[in-house]
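Counting convention: from 1, in listed order, for ligands and their atoms alike.
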Amino acid sequence: MSRTLIDHRISPQPGAARLALRRLGDRMARHRAAIQAVQWVVVASYLVLVAVPAFLPLPPATAHLWNDLTLFAQFAFWGVWWPFVLLSMVLIGRTWCGVFCPEGALTEFVSRRSLGLAVPRWITWRGWPFVAFVCTTVYGQMVSVYQYPAPVLVVLGGSTAMAIGVGLVYGRNKRVWCRYLCPVSGVFGLMAKLAPVSFQVDQDAWLRSQHRGARPAWVDCAPLVPIRTMRGASACHMCGRCSGLRDAVRLDLRLPGQEVVRVAGEHANPWETALILFGLMGVAVGAFHWSASPWFVAAKQVVAEWLVEAGIVWPLDTTAPWWVLTDYPARNDVLTLLDGGMLLGYIGVTAVVLGGAYAALLAVGLRLSGAWTQARFHHLAQSLIPVAGCGVFLGLSATTVTLLHGDGIEVPLLDAARLVLLAGSLLWSVVLAWRIAGLWLTGPRRFLPVVGVAACGVVAGFAWALLFWIW
Ligand code: SF4
């Protein structure tokens, strides 16, 4: 029996936990109506929280998140939803996408009556997850999406409108938007590789079901996952529809990170590497850094003085509409063109410097070990998913902490928790790198790529330490 079949064979005698998971998966398949009801409740709540605050006056200084809809929506989206959905990917895969996501539910719903056009090649371009993540992250900073409700309507509402538009045109009963274009799909796909649960296909059972001669069962997978050959959780939305299919598909446990070691090497590509090194560990760091960075202030001072000396003062006092650059004079919160330019420059330089440093460290470690190939470089980069995901989670949860602090609620043991998470994610990445390097190397040379990954983790940890403890 091949290694592939062994890895994906489902034990005929599962323990209690695995049995419970199988039953849960089967229940998800049987109770589609209940899942759809949940989705519509989430859709209704989401639409209210996205749309209504944008038309209300900004909350007064005395408002609290429990008595003001705008503050409640701000906390729901940025304090709870975004950081904890990201965390849920690592724990239970993309269950959010398949069971709760309002955009996924809406694009799939309208797709039932779509034009049914074939998905064009430009939509399937593999660079979209990286480009969409970078554009959304940077634009969100330009308009202060975490602080004000109107930009939320533009960013989230715009994304939802595009999801509906794509659903109305391409595919039938499908989630073409989610599969190829959603700005967070790439990030979620990376995080889901770490999850200890996934829907898994028993290849032996699948083959046996073909030999029995009966007409094979079939499931219409909305995010276009080829179920028969599915070997990971990256693209699967955990909707449960295929649970029990041909007695071969089951919700089951797996070793956390197993997909990164055993499967990711076959599919790792430059765009995923770019998303990890330059997106999550670069652009996201710059986006969280700039408003707290003394380097940003110093650089802006230098550029401003240079502009004044050159007699070019209009960038210092020209503003833009709120949907281009933050513009709330009543809150004393306005970005000039100089601020906007510096913001873009700061995030760009951070991404290039950090991403370039990570790429160089990985490449040097791999080259010194004598195991260099481009495919191995991209596979090794996947070992940094825990460090990348943990950093973004900590950055996002800083918004949670800030919002709670604004209402007089302090998070206990915050520094210790941040330290433990950073150290734990670094350790996880090192273990993954060790296991990946073991696919190609033995003996002392196996340590060299691992040292490269550890060095990346230390650099990333220092970048977050600057934000949390040094500045
Ligand atoms: S493979 Fe498709 S149908 Fe099966 S659980 Fe995943 S998303 Fe649902």
Side-chain angles (χ1 to χ4, degrees), residues 4 7-10 18 20-39 42 85 88-112 119 124 129 163 166-167 170-182 184-203 205-206 209 216-254 258-259 263-264 266-267:
T4 301
D7 282 344
H8 292 82
R9 193 180 61 182
I10 295 171
R18 300 177 70 195
L21 275 178
R22 286 189 186 188
R23 287 183 181 143
L24 176 63
D26 291 345
R27 281 200 189 106
M28 289 172 75
R30 280 199 304 274
H31 299 290
R32 293 296 311 154
I35 289 177
Q36 281 165 354
V38 169
Q39 286 173 333
V42 178
V85 164
S88 79
M89 298 293 149
V90 181
L91 300 175
I92 51 175
R94 300 181 66 170
T95 306
W96 164 264
C97 301
V99 178
F100 301 105
C101 178
E103 266 184 22
L106 285 168
T107 195
E108 186 181 339
F109 176 74
V110 299
S111 171
R112 290 181 202 160
V119 181
T124 63
V166 169
Y170 300 111
R172 178 68 48 80
N173 299 320
K174 294 289 184 288
R175 295 183 171 205
V176 174
W177 168 263
C178 310
R179 175 64 195 247
Y180 299 110
L181 299 172
C182 169
V184 286
S185 176
V187 179
F188 288 175
L190 290 174
M191 298 304 141
K193 293 183 187 187
L194 300 172
V197 294
S198 68
F199 281 94
Q200 297 169 27
V201 184
D202 183 334
Q203 304 290 348
W206 190 286
S209 80
W218 177 76
V219 164
D220 196 9
C221 174
L224 301 139
V225 179
I227 300 172
R228 158 75 175 84
T229 54
M230 177 171 67
R231 297 190 59 216
S234 187
C236 168
H237 284 199
M238 302 281 284
C239 71
R241 253 172 284 199
C242 64
S243 186
L245 179 66
R246 299 184 181 214
D247 283 333
V249 185
R250 291 281 182 266
L251 184 59
D252 208 347
L253 292 173
R254 61 182 185 168
Q258 179 75 352
E259 183 176 342
V263 183
E266 298 164 20
H267 306 287

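Ranking protein heavy atoms by distance to atom 6 (Fe) of ligand 1, first place goes to C236 SG, 2.4 Å. Protein heavy atom nearest atom 4 (Fe) of ligand 1, with residue, atom name and distance: C242 SG, 2.2 Å. The single protein non-hydrogen atom nearest to atom 2 (Fe) of ligand 1 is C221 SG, 2.3 Å, given as residue, atom name and distance. Taking atom 8 (Fe) of ligand 1 as the reference point, the nearest protein heavy-atom neighbour is C239 SG, 2.3 Å.
Each of the following atoms of ligand 1 lies closer than 4.0 Å to a heavy atom of G240: 5 (S), 8 (Fe). Here is the list of ligand 1 atoms found below 4.0 Å of a heavy atom in P223: 7 (S).
Closest non-hydrogen pair, I227 versus V201, comes out as O-CG2, 3.2 Å. Here the closest non-hydrogen pair linking R112 and N173 is CG-OD1, 3.0 Å. The two residues L21 and D252 have their closest heavy-atom pair at CD1-C, 4.0 Å. Shortest non-hydrogen contact noted between P196 and L91 is CD-O, 3.2 Å.
Among the backbone and side-chain atoms of H237, none of the N, O or S atoms lies under 2.8 Å from atom 6 (Fe) of ligand 1.
Taking the side chain as every heavy atom from C-beta outward, D26 and R250 approach each other to under 4.5 Å. Using a 4.5 Å heavy-atom threshold, the side chains of M28 and S243 count as separate.
G98 does not count as a contact of ligand 1, since none of its heavy atoms falls under 4.0 Å from the ligand.
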